Engineer: 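Pasting in a structure now, in structure tokens, and then I'll have a few things to ask.
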There are 2 protein chains.
Amino acid sequence: MSCETETAVVLRHAGQKITPQRMLILSTLRHAGEHVTAPIVLEAVRRLYPYVDASTVYRTLGSAAELGLVSETDMGAGDTQFEWIGRDRHHHLICRSCGGVSSLDNSYLDSLATALYDEQGFQADLGHFAIFGVCQNCRV
Amino acid sequence: MSCETETAVVLRHAGQKITPQRMLILSTLRHAGEHVTAPIVLEAVRRLYPYVDASTVYRTLGSAAELGLVSETDMGAGDTQFEWIGRDRHHHLICRSCGGVSSLDNSYLDSLATALYDEQGFQADLGHFAIFGVCQNCRV
DNA sequence: CATGTAAGTGCAACTAATCGCATTTACAAC
DNA sequence: GTTGTAAATGCGATTAGTTGCACTTACATG
Ligand SMILES: [Zn+2]
Ligand SMILES: [Zn+2]
Ligand SMILES: [Zn+2]
Ligand SMILES: [Zn+2]
């Protein structure tokens, strides 16, 4: 199954319509590297299909984030960063001193998810956190 | 020590200047309830001191967030929410189904902070997370 | 208290993001 | 295939947030 078909299955299963704009926006994000901004997605999409509106991009990315296909994270720069997620979750450690960004496996948050479920009855969706702090090199 | 004096001490200790704008902005946030937006802070500040610029509010809130005095969080509404934090940390559980927001004690994140420090050498600043998911009532 | 200077502010221009509404379109049902 | 309808899109207007730069001000130093 191609990745477009796979995405379409997820969308249809969530009761969303399969539109050319939506497929193009999500495909663009899927094949981009990590962490792109909405304006960059818009620009790429418009190269193939010029009359897509910015609001469509924001709405599509927002609803895909609710489905867990995509993450939507403030990484400390001015803009919100979007990233294709699919099934593999990860997070980031961001150093306030040197600005370095490293990835963190989702397993670090497993025990938190378990505690929230057991003690609060809350089924958490620990999508894609940006954890700020000071990295090993920058500590004195 | 009044809360203004206390804030001033923190600012000075961080090498920041004590300006009337900064004190007014932070005092406004401190005495607001939970979670206010930047435009609301701006409006309140301007009632007392009309010529404060929006960019000053954003810059002040942003730098106070880096000092840990203030949190800056996307709670799922359109706008970023700011909140006075000081020393007591907390987080929020937000239900994607009913929209309910509840508070979460910082102790839930203690073990994560410890693991990040011990295993990655990363001194995390687990300020004020918005954790999305489905609350107990909304689960089937 | 006068002076130097680095940080902070306001302004203006700009980009990012949201929202209401009229029109279009995917797709389910017949 | 035709039709009905709810969802999605585009557009325009508006709000939210950022940035560069000239000017101002807090405050350290003598
Ligand atoms: Zn990522
Ligand atoms: Zn670092
Ligand atoms: Zn809070
Ligand atoms: Zn709920």
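Chain letters run A, B, ... following the sequence lines, proteins first and then strands; every chain starts at 1. Keep in mind it's a predicted model, so treat the numbers as computed, not measured.
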Engineer: Counting C-beta onward and ignoring hydrogens, is there a side-chain heavy-atom pair between T19(A) and L24(A) closer than 4.5 Å?
Structural biologist: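 T19(A) does not reach L24(A) side chain to side chain.
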Engineer: Is there a residue in residues 47-80 of chain A whose heavy atoms reach under 4.0 Å of DNA chain C, and which residues are they?
Structural biologist: S55(A), Y58(A), R59(A), D79(A), T80(A)
Engineer: Keeping to residues at least two apart or across chains, list the side chain to side chain donor-acceptor pair (under 3.5 Å) pairs with something in residues 51-64 of chain A.
Structural biologist: D53(A)-S55(A), S55(A)-R59(A)
Engineer: Between I85(A) and L69(A), is any pair of side-chain heavy atoms under 4.5 Å apart?
Structural biologist: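 In short, these two side chains do not touch, never coming nearer than 4.5 Å.
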Engineer: Kindly indicate whether the side chain of F82(B), heavy atoms from C-beta on, has any atom under 4.5 Å from the side chain of T37(B).
Structural biologist: no
Engineer: Which residue pairs pass the salt bridge (Lys or Arg N to Asp or Glu O under 4.0 Å) test when at least one of the two sits in residues 11-32 of chain A, sequence neighbours left out?
Structural biologist: E6(A)-R30(A)
Engineer: Is the backbone N or O of S27(B) less than 3.5 Å from a side-chain atom of H31(B), with the two atoms forming a donor-acceptor pair by type?
Structural biologist: yes
Engineer: I'd like to check D74(B) versus D74(A) (side-chain heavy atoms, cut-off strictly below 4.5 Å). Are they in contact?
Structural biologist: no
Engineer: Taking side-chain contact (heavy atoms from CB on, under 4.5 Å) as the definition, give me every residue that meets it alongside S97(B), ordered by chain and number, with sequence neighbours left out.
Structural biologist: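 Result, side-chain contact (heavy atoms from CB on, under 4.5 Å) vs S97(B): C95(B), C138(B).
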Engineer: Report the residues that fulfil side chain to side chain donor-acceptor pair (under 3.5 Å) with Q136(A), sequence neighbours left out, ordered by chain and then residue number.
Structural biologist: none
Engineer: I'd like a list of close polar pairs between nucleotides 2-4 of chain C and the protein, N/O only, cut-off under 3.5 Å.
Structural biologist:
none

Engineer: Can you give one letter per nucleotide of nucleotides 22-30 of chain C, going 5' to 3': B for a protein heavy atom under 4.0 Å from the base, S for sugar-phosphate only, - for none?
Structural biologist: ---BBS---
Engineer: For residues 122-133 of chain A, which side-chain donor-acceptor pairs fall under 3.5 Å, sequence neighbours excluded?
Structural biologist:
from    : atom 1 : to     : atom 2 : distance (Å)
D125(A) : OD1    : R89(A) : NH1    : 3.0
D125(A) : OD2    : R96(B) : NH2    : 2.7
H128(A) : ND1    : S71(A) : OG     : 3.4
H128(A) : ND1    : T73(A) : OG1    : 2.6
H128(A) : NE2    : H35(A) : NE2    : 3.3
H128(A) : NE2    : E83(A) : OE1    : 2.8
H128(A) : NE2    : H90(A) : NE2    : 3.2
H128(A) : NE2    : H92(A) : NE2    : 3.2

Engineer: Test of understanding: clusters of I, L, V, M, F, W, Y form through side-chain heavy atoms closer than 4.5 Å, transitively. Do V134(A) and L116(B) belong to the same one?
Structural biologist: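 Result: no, two separate clusters.
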Engineer: Donor-acceptor pairs under 3.5 angstrom involving side-chain atoms of residues 99-107 of chain A: please list them, not counting sequence neighbours.
Structural biologist:
from    : atom 1 : to      : atom 2 : distance (Å)
D105(A) : OD2    : S107(A) : N      : 2.9
D105(A) : OD2    : S107(A) : OG     : 2.9
N106(A) : OD1    : H91(A)  : NE2    : 2.7

Engineer: Rounding to 10°, can you tell me the angle the first-five-pair axis of the helix from dC1(C)-dG30(D) to dC30(C)-dG1(D) makes with its last-five-pair axis?
Structural biologist: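 Between the first-five-pair axis and the last-five-pair axis there is 50°.
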Engineer: Of all nucleotides in DNA chain D that come within under 4.0 Å of a heavy atom of chain B, which is furthest toward the 5' end and which toward the 3' end?
Structural biologist: dA16(D) to dC27(D)
Engineer: With salt bridge (Lys or Arg N to Asp or Glu O under 4.0 Å) as the rule and sequence neighbours excluded, what pairs involving residues 61-70 of chain A come up?
Structural biologist: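 Listed by first then second residue: nothing to list.
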